[in-house]
Amino acid sequence: MGNFFQEFKDANKNMTPLSKLALIGAFIFLFLRLNLERVFQINTGVEIIILIFSLVLHELGHGFMAYFCGDQTAKIYGRLSLNPLKHLDPVGTLFPILMILIGSPMVIGWAKPVPVNYRGFKNGRVGEFLVAISGALMNFILVIIGAILFREFRFSSDLILLNGLEYLITINIILGIFNLLPIPPLDGSRVIGSFLNGRNREVIFDYDRFGILIVIFLGYFGILNKILGPIYITLINLINYYIAM
């Protein structure tokens, strides 16, 4: 736990000053809008647990795919573990928890990127693509599992179970499509990078330190909702159709 708080101190230290300022502003904005009633609700605790579980499995998806493709780095650094403290980024965890506590309908979060040595892949760029896509793929697998379980228990009187399964579905849809956005260092930028060479590829990595600033900007002006919203609604409608079958 001590290491976790030390990482909070060092988190995102490579961000630009403007990005850090925007992040501080976002935290202040969220703190000022805290809904104290939600802090003590059972469903809030369930949602936070599901969020952390989803973030961890997202990173495990990257780690195991990298291992499958021949790279041992994630295993060496202990990232093929279910221990949340091995994976959670302090900022990327506290940010969505605050969003949950204010009752935000759209919650985004992230964990520490799994360390990867691209030279270790047996299948080169194919491996790079598979590792990049595997985190979001894990989120969508959780969506499918959640939908199957919700359909099975949809007539249950256990509202905590049903609300938990509903949240498992919704948060993983959001995490899946959010991470596929082509904004460095999100997975979508790595997917694009796996098809690029030379300077075009380097540019993607160069913009990693601006990622949080871009996300906050898009979120503040409602652009993020306009991008994610239609995809989210389409997927929710498909799941509702399956559950009602």
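In this chain, numbering begins with 1 at the start of the sequence shown. Bear in mind that the values here come from a model prediction, so they are computed numbers and not experimental data.
A donor-acceptor pair under 3.5 Å links the side-chain atoms of Arg154 to the main chain of Arg151, judged by distance alone. A donor-acceptor pair under 3.5 Å links the side-chain atoms of Asn179 to the main chain of Leu175, judged by distance alone. His62 places no side-chain N or O within donor-acceptor distance of the main-chain N or O of Leu57, the cut-off being under 3.5 Å. Judged purely by atom type and a 3.5 angstrom limit, Ser194 uses its side chain to pair as donor or acceptor with the backbone of Val191. The closest donor-acceptor contact from the side chain of Asn123 to the backbone of Val126 lies at 3.5 Å or more, if one exists at all. For Ser104 (side chain) and Ile100 (main-chain N/O), no donor-acceptor pair under 3.5 Å exists by modelled atom type. Between the Ser189 side chain and the Ile204 main chain, no donor and acceptor come within less than 3.5 Å of each other. Looking at Arg79, its side chain never comes within 3.5 Å of a backbone N or O of Pro115 through a donor-acceptor pair.
By the criterion of side-chain heavy atoms lying less than 4.5 angstrom apart, applied directly or through intervening Ile, Leu, Val, Met, Phe, Trp or Tyr residues, Leu82 is grouped together with Met65 in one hydrophobic cluster. Clustering ILVMFWY residues whenever any of their side-chain heavy atoms sit less than 4.5 angstrom apart, transitively, puts Ile243 in the very cluster that holds Tyr241. When hydrophobic clusters are built by joining Ile, Leu, Val, Met, Phe, Trp and Tyr residues whose side-chain heavy atoms come closer than 4.5 Å, directly or via intermediates, Phe121 is not grouped with Ile192. The hydrophobic cluster containing Leu30 does not contain Ile24, counting ILVMFWY residues as joined when their side-chain heavy atoms lie under 4.5 angstrom apart, directly or transitively. Under the 4.5 Å side-chain heavy-atom criterion for grouping Ile, Leu, Val, Met, Phe, Trp and Tyr, Leu162 is not connected to Ile49 through any hydrophobic cluster.
In terms of heavy atoms, Ile50 sits closest to Gly164 at CD1-O, 3.1 Å. Considering all non-hydrogen atoms of both residues, Ala66 and Val116 come closest at CB-CG2, 4.5 Å. The heavy-atom pair separating Phe217 from Ile223 by the smallest distance is CE2-CD1, 4.3 Å. The two residues Lys122 and Phe68 come nearest to each other via the heavy atoms NZ-O, 3.5 Å. When all heavy atoms are compared, the tightest approach of Ala136 to Gly176 is CB-O, 3.7 Å.
Annotation: the span from Trp110 atom CH2 to Leu88 atom CG amounts to 12.5 Å, rounded to 0.5 Å. Rounded to the nearest 0.5 angstrom, Ile214 CD1 and Leu224 CG are separated by 11.5 Å. Here the CG-CG distance, from Leu159 to Asn43, works out to 8.5 Å after rounding to the nearest 0.5 Å. Here the straight-line distance linking atom CD1 of Ile102 with atom CG of Leu34 works out to 7.5 Å at 0.5 Å rounding. Here OG1 of Thr44 is found 11.0 Å from CD1 of Ile97. Values are rounded to the nearest 0.5 Å. With values rounded to the nearest 0.5 angstrom, Ile216 atom CD1 is found 5.0 Å from Leu23 atom CG.
Using modelled atom types and a 3.5 Å distance limit, the side chains of Asn172 and His58 yield no donor-acceptor pair. Inspection of the Arg125 and Asn197 side chains reveals an N or O donor paired with an N or O acceptor under 3.5 Å. Looking only at atom types and distance, the side chain of Asp71 has a donor-acceptor partner in the side chain of Thr73 under 3.5 Å away.
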Practice task
Show your working on side-chain contact (heavy atoms from CB on, under 4.5 Å) between Ile148 and Tyr242 and close with a plain yes or no.
Solution key: CA-CA 9 Å; Ile148 292 172; Tyr242 163 75; 3.6 Å; yes
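The environment of CD1 in Ile160 is sparse: at most 12 heavy-atom neighbours from other residues, nucleotides or ligands sit within 6.0 Å. Atom CZ of Arg199 is surrounded by more than 12 heavy atoms from other residues, nucleotides or ligands within 6.0 Å.
Both tests do not hold together for Arg33 against Phe27: distance to the six-membered ring centre under 6.0 Å, angle to the ring axis within 45°.
The shortest side-chain heavy-atom distance between Asn163 and Val46 does not fall under the 4.5 Å cut-off.
Residues Phe64 and Tyr67 place their aromatic rings such that the two centres sit no closer than 6.0 Å. When ring centroids are compared, Phe29 and Tyr220 stay outside the 6.0 Å threshold.
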